[in-house]
Amino acid sequence: MVAKELDVIRLSDGRTGTVLEVYENSSAYLIEITDNGGKAIDTPIIAQIDIVEVVWNA
């Protein structure tokens, strides 16, 4: 599934995050994962195959 910058996505491990940057022709993404209060707790770089669905389009 292809996501764009600022889309909210669900990952294969169940986490939800916001796409901050798209790399290498949409093959990798820098995402921000937050806690319930909105504080950033992780900013991993993930592969496109880790995306299960786009929850919200920017």
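Since we're looking at a predicted model, the values are computed, not measured.
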Exercise for review: Under 4.5 Å between side-chain heavy atoms, chaining through other members, with only Ile, Leu, Val, Met, Phe, Trp and Tyr counted: pull out the rest of the cluster around L6, sorted by chain and number.
Suggested key: none
Practice item. Kindly give the cluster partners of V52, where membership spreads through any ILVMFWY side chain lying under 4.5 Å from a current member. Key: none
Exercise for review: Please round to the nearest 0.5 Å and tell me the distance separating atom CD1 of I46 and atom CD1 of I31.
Suggested key: 4.5 Å
Review point. Residues in salt bridge (Lys or Arg N to Asp or Glu O under 4.0 Å) with R15, at least two apart?
Key: D13, D42
Review point. Does E21 have any side chain to side chain contact (heavy atoms under 4.5 Å, CB included) partners at least two apart in sequence or in another chain, and if so, which?
Key: Y23, L30
**Study point:** Set of residues satisfying side chain to side chain contact (heavy atoms under 4.5 Å, CB included) with respect to V54, sequence neighbours excluded
**Key:** M1, A3, D7, I9, N57
Check your understanding: Taking all atoms of both residues into account, what is the closest heavy-atom pair of K4 and V22, and its distance?
Key -> C-CG2, 4.2 Å
Study note, to complete from the structure: Besides V55, the hydrophobic cluster formed by Ile, Leu, Val, Met, Phe, Trp and Tyr side chains linked at under 4.5 Å, directly or via other members, contains V8, W56
Review point. Could you give the distance from OG1 (T43) to CD1 (I33), rounded to the nearest 0.5 Å?
Key: 8.5 Å
Check your understanding: For T34, which residues count as a side chain to side chain contact (heavy atoms under 4.5 Å, CB included) partner, sequence neighbours excluded?
Key -> E32
Point to revise | Minimum heavy-atom distance between I51 and Y29, given as atom pair plus value | key: CD1-CE1, 3.6 Å
Exercise for review: Please list all pairs passing the salt bridge (charged side-chain N to carboxylate O under 4.0 Å, His left out) test where one or both residues lie in residues 49-58, with sequence neighbours left out.
Suggested key: R10-E53
